[in-house]
**Student:** 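Starting off with a structure, shown below.
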Number of protein chains: 2
Amino acid sequence: MDTKTKLISTAEHLFDRHGFTATGMDRLTQAASMSSRTLYKHAGSKTSLIADVLSGRHLRFQQSIEVDSVDALFGALEKWVQTEGCRGCLFLRAYGETGGDTPDIAKAVFTHKASLYEKIQKIVSIETHGKSNSELAEQVLILFEGATSAAIYRGAEAIRSAQTAASVLIQQARL
Amino acid sequence: MDTKTKLISTAEHLFDRHGFTATGMDRLTQAASMSSRTLYKHAGSKTSLIADVLSGRHLRFQQSIEVDSVDALFGALEKWVQTEGCRGCLFLRAYGETGGDTPDIAKAVFTHKASLYEKIQKIVSIETHGKSNSELAEQVLILFEGATSAAIYRGAEAIRSAQTAASVLIQQARL
DNA sequence: GACGATGTAAAATGATCGTTTTACACTCCA
DNA sequence: TGGAGTGTAAAACGATCATTTTACATCGTC
């Protein structure tokens, strides 16, 4: 695996497991088995490493939710949680840890959330045959967000509950 | 205001605004305008200070959701966000920052979430006249959790969307 | 066969971390 | 009146922080 890829995927794992601030660069160099000189040549700084981790995760997440139904959307989330673990949304966690004061990180978070909302809008619009208002998309977004959070302490079952709740809302909107 | 109260409320504000790990004890002593000697006499350690902040917040939050309808529950959340700001659930943020590895903190988080779920179960059971299954309570919990997260980037409007979604689900269950 | 790129190991940078210590001032109650 | 309790200011603790530097090894390529 190429050096920068290894660095970013190692960083993503450590940030997700232990938190962004709590993960020191020493631990990172050790886990990625590279010198700090190499790390800084590729990463630039810790802040830009976090931003790189987030934009990489954004792409991977986008691919994982390339679906065209609300049911499949929550199915994709369940699959994501199975392979990536459930420790809450890494974007919101990055936002919280930095207080939203780091522009590069805040931008990555808002970009990600905007694209998630857009994706859900498209899916909902298809499923309701254009009968939906924009509130319905927000409600599905909230169920998605809530399932991500609740899965931390209630497990994957929470995602299935959100899935059926979403289909009830969609059904209701179709009438 | 009594010293320990001032310490804990100052700590809660800084932790919420800047994150737990990123908030140093120096900044805390300065903000609470007390010496580090006094701070450590009352707090013991940073970890136990975080635990104290969380248990204090838990009590205050519990009081704020002393309601008996799902509609009022989301109304209470909207009010909470207005007065306390919306930076996501402080409990889940504490859990994420510590990786769940600090027993006192993890316990405070799970206790809080278990009590939230219980409260929702009671409300839902009343509103559905006992007709509800346990999945419905989980769905309302997910909407509550999702509204808390989504409000970070979509504002208080998200809470009202969750509110109407919850009432639709309740209505459906009553049939 | 010299060169630029890419890597390593390891020490040093100055700042900041959480925590403890030393030394001193005030108040309240016996 | 004197001692326990509660506070302050400020320095010191060793550890760790993100980052840079020095010195050296290994490449493929012209």
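Chain letters run A, B, ... following the sequence lines, proteins first, then strands; residues in each count from 1.
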**Student:** Could you give the NZ-to-P distance, from B:Lys6 to D:dT8, as a whole number of Å?
**Tutor:** 7 Å
**Student:** When we call it a touch if two heavy atoms are under 4.0 Å apart, what does A:Thr47 touch: a base, just sugar-phosphate, or nothing?
**Tutor:** nothing
**Student:** Which whole-number value in Å describes the distance from B:Glu97 CD to C:dG18 P?
**Tutor:** 12 Å
**Student:** Classify A:Ser36 by what it touches in the nucleic acid, base, sugar-phosphate, or nothing, heavy-atom distance under 4.0 Å.
**Tutor:** base
**Student:** NE2 of A:His42 versus P of C:dG7: gap in Å, rounded?
**Tutor:** 4 Å
**Student:** Remember a base hit wins even if backbone is also touched, and classify A:Thr29 as base, sugar-phosphate or nothing at under 4.0 Å, heavy atoms.
**Tutor:** nothing
**Student:** Heavy atoms from C-beta onward define the side chain here; which of C:dA9, D:dA18, C:dG18 lies closest to that of A:Ser35?
**Tutor:** C:dA9
**Student:** Please state how far atom CG in B:Leu39 lies from atom C1' in D:dA9, giving the value in whole angstrom units.
**Tutor:** 15 Å
**Student:** How long is the line joining NZ of A:Lys46 and C1' of D:dT20, in whole Å?
**Tutor:** 17 Å
**Student:** Let's test your reading of the model: under 3.5 Å, does the base of D:dT22 pair with the side chain of A:Arg37 as donor and acceptor?
**Tutor:** yes
**Student:** Would you tell me if any nitrogen or oxygen in the side chain of B:Thr3 comes within less than 4.0 Å of OP1 or OP2 on D:dT6?
**Tutor:** no
**Student:** Do B:Thr5 and B:Asp2 pair up side chain to side chain, a donor and an acceptor below 3.5 Å, judged on atom types alone?
**Tutor:** yes
**Student:** Does A:Thr38 make a side-chain N or O approach to OP1 or OP2 of C:dT8 shorter than 4.0 Å?
**Tutor:** yes
**Student:** Identify whether NZ of Lys or CZ of Arg in B:Arg160 sits under 6.0 Å from the centre of the six-membered ring of B:Phe74 and within 45° of that ring's axis.
**Tutor:** no
**Student:** Please compare A:Phe20 and B:Lys41 by the position of their nearest nucleotide in DNA chain D and report the one closer to 5'.
**Tutor:** B:Lys41
**Student:** Distance alone, cut at 3.5 Å: any donor-acceptor contact between the side chains of A:Ser149 and B:Glu145?
**Tutor:** no
**Student:** Take atom OH of A:Tyr40 and atom P of D:dA18, then tell me their distance rounded to the nearest Å.
**Tutor:** 6 Å
**Student:** Atom CG of A:Leu28 and atom P of D:dT16: how far apart are they, to the nearest Å?
**Tutor:** 16 Å
**Student:** Return yes if a side-chain donor-acceptor contact under 3.5 Å exists between A:Ser161 and B:Gln139, otherwise no.
**Tutor:** no
**Student:** Tell me: CG of B:Leu7 to P of C:dG18, nearest whole Å?
**Tutor:** 14 Å
**Student:** Can a side-chain donor-acceptor contact be found between A:Glu135 and B:Thr164 if the only test is distance below 3.5 angstrom?
**Tutor:** yes
